[in-house]
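In the text below, chain A, chain B and the rest are named by the order of the sequence lines, each starting its count at 1.
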2 protein chains.
Amino acid sequence: MRIVSWNVNGIRAAIRKGIDGYFDSLDADIWMLQEVRALPEQLPKDWNWPEGYSVHLHPAEKKGYSGVTTISKDPMEIVQVGKNGEHDPNDSEGRVIVSKHGEMICINTYLPSGSNKVERQEFKEAWMEEWRQFIHPYLQLDTPVIVCGDLNIAHTEDDIWNPKGNARQSGFLPHERQWFSDLLDDGWHDVFREHVGEGVKTYSWWSNRGQARAKDRGWRIDYFLLNPAAKKAVKSVSIKREGGLEISDHAPVILDLEY
Amino acid sequence: MRIVSWNVNGIRAAIRKGIDGYFDSLDADIWMLQEVRALPEQLPKDWNWPEGYSVHLHPAEKKGYSGVTTISKDPMEIVQVGKNGEHDPNDSEGRVIVSKHGEMICINTYLPSGSNKVERQEFKEAWMEEWRQFIHPYLQLDTPVIVCGDLNIAHTEDDIWNPKGNARQSGFLPHERQWFSDLLDDGWHDVFREHVGEGVKTYSWWSNRGQARAKDRGWRIDYFLLNPAAKKAVKSVSIKREGGLEISDHAPVILDLEY
DNA sequence: CTTGGTATG
DNA sequence: CATAACAAG
């Protein structure tokens, strides 16, 4: 079973640029997309999600902003949208979908960016704490739980091209990095890091400014966090740095499980 | 002597699309441009107006909106910007430049569009009356006066592709057409129409919607209006329908005088 | 349908 | 630097 997490930076632009080719070639069982930036009715009328997939799109109230989508080759059950229910005023921004695929649970997450305004950094930090508590009960399940998405935080110095220069930037602040460590202490497994080991610098996002992408000046901010039940089933995790870069400023993260 | 009037629909986009080639090939002595949609400091730093020309850009207060520019191969004197002076509250939209080239006077005009909102149609109509009075004194001069620009009005059924279907559209309303007739009654010469004669349907603007341009469903809304002293010197007037269409939704109008 | 501004990332 | 909404034409 293959699961892909990908911040597509606008599904409509991604469609124009040929995301369908990636749906075909990567052939995942479950795709969790972030930053779709569209209402369902805004998708092109002559376009469809991959044939036969179940689709759930959870948009932000604000048009053209944020929004997550989970699609699944096999039928899925939508357990919850929004981290505290659909009418949670704290999730009118389309940031969480919880879906159930057989016994496995997936939590698709797009954590707020704090890099623009102080209010947004404060919002991000409140959101981080709520979300950490929200996912915590899932950790204990004996069945696999897959949390993934764009968390807008690079954890260690291995997860960012220039740790010194970015030490005061939102997304690499000491308390944000500590929060990520706390998640791991809770018991979540950052399976990409566990898979490749320490010291490997592989990024999942590059700024559009300058030549960041060409120079591989990136950040790893897109993650798979697994509970122990799911971790046991990991076959491999990779970041498809080579591909998808003409589609989005983020690369797809691919998780293969032995089911 | 050659004078060109052209609504460029954003000089910055026009530069990207290669307006310089037209500056070179048409080689006019005076260019009067409308809808430049830029402040002087917003023009690309690695770009210049044609070598040796005097330039005056009169922008709107609102960024990226309206604005006219007159450039002249020979030195010119800027007589006035705005139909009632620079600080006229009714001309903060960059719509008029009066320039003097030797004994000849040029009045570069971008008349408001009324096609979006009723308030703008009311603004347009007030502006039309003020402008008609503003240019009137120039009519009597024994020296040549060249009024030109985008007047956002098609005069007769020869000046629009579908007169019946547009009879209730701003730009072809009966009282707008009457206002244009009044200008001619005042003594201004619509030298393009006089040159080609009645019954010839040649347009200067095509909507970007549908296939208006490909189907030649246009309007003639860009004019040269000359006083009798200037009219005597007309060698030819033409609308460069074939060219310039990849630059703007308007075609350049070319006036050749025997000087 | 296109320009350009703005918000957001 | 890119996506998308918007205002304006």
Starting at [atom1] of [X] and ending at [atom2] of [N], how long is that distance when rounded to a whole Å?
X        : N     : atom1 : atom2 : answer
B/Asn116 : C/dT3 : CG    : P     : 17 Å
B/Asn7   : D/dG9 : CG    : P     : 11 Å
B/Asn9   : D/dG9 : CG    : P     : 11 Å
A/Asn152 : C/dT8 : CG    : P     : 15 Å
A/Glu35  : D/dA2 : CD    : P     : 15 Å
A/Glu246 : D/dC1 : CD    : P     : 20 Å
B/Glu93  : D/dA7 : CD    : P     : 17 Å
B/Phe123 : D/dG9 : CZ    : C1'   : 15 Å

> If you find the nucleotide of DNA chain D closest to A/Asn208 and the one closest to A/Val36, which residue's nucleotide is nearer the 5' end?
Replying inline: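 In this pair, the answer is A/Asn208.
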>> With nearest nucleotide decided by heavy atoms, which residue, B/Gly114 or A/Gly210, maps closer to the 5′ end of DNA chain D?
In response: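 Checking each residue's closest nucleotide, the 5'-ward one belongs to A/Gly210.
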> What about B/Arg209, does its side chain sit under 3.5 Å from the base of D/dG9 through a donor-acceptor pair?
Replying inline: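 Pair found.
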> If you check the B/Arg120 side chain, which of C/dG4, D/dA4, D/dG9 turns out closest?
Replying inline: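 Shortest atom-to-atom distance from the side chain points to D/dG9.
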>> Does A/Gln42 reach a base, just sugar-phosphate, or nothing at all? Heavy atoms under 4.0 Å.
In response: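 If one applies the 4.0 Å heavy-atom cut-off, A/Gln42 turns out to touch the sugar-phosphate alone, with no base involved.
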> To the nearest 0.5 Å, how far apart are CZ in A/Arg95 and CG in A/Asn108?
Replying inline: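 So the gap between those two atoms works out to 12.0 Å.
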Could you tell me whether the phosphate oxygens of [N], OP1 or OP2, come under 4.0 Å of any side-chain nitrogen or oxygen in [X]?
X        : N     : value
B/Lys17  : C/dT3 : yes
A/Arg16  : D/dA4 : yes
A/Tyr65  : C/dA7 : no
B/Lys62  : D/dA8 : yes
A/Lys117 : C/dT8 : yes

Measure the acute angle between the ring planes of [X] and [Y], then classify it against the limits of 30° and 60° as parallel, tilted or perpendicular.
X        : Y        : result
A/Trp131 : A/Trp127 : parallel
A/Trp205 : A/Trp219 : perpendicular
B/Trp6   : B/Tyr22  : perpendicular

>> I want to know whether A/Tyr203 and A/Trp161 have ring centres closer than 6.0 Å.
In response: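 Ring-ring flag for A/Tyr203/A/Trp161: false, centres at least 6.0 Å apart.
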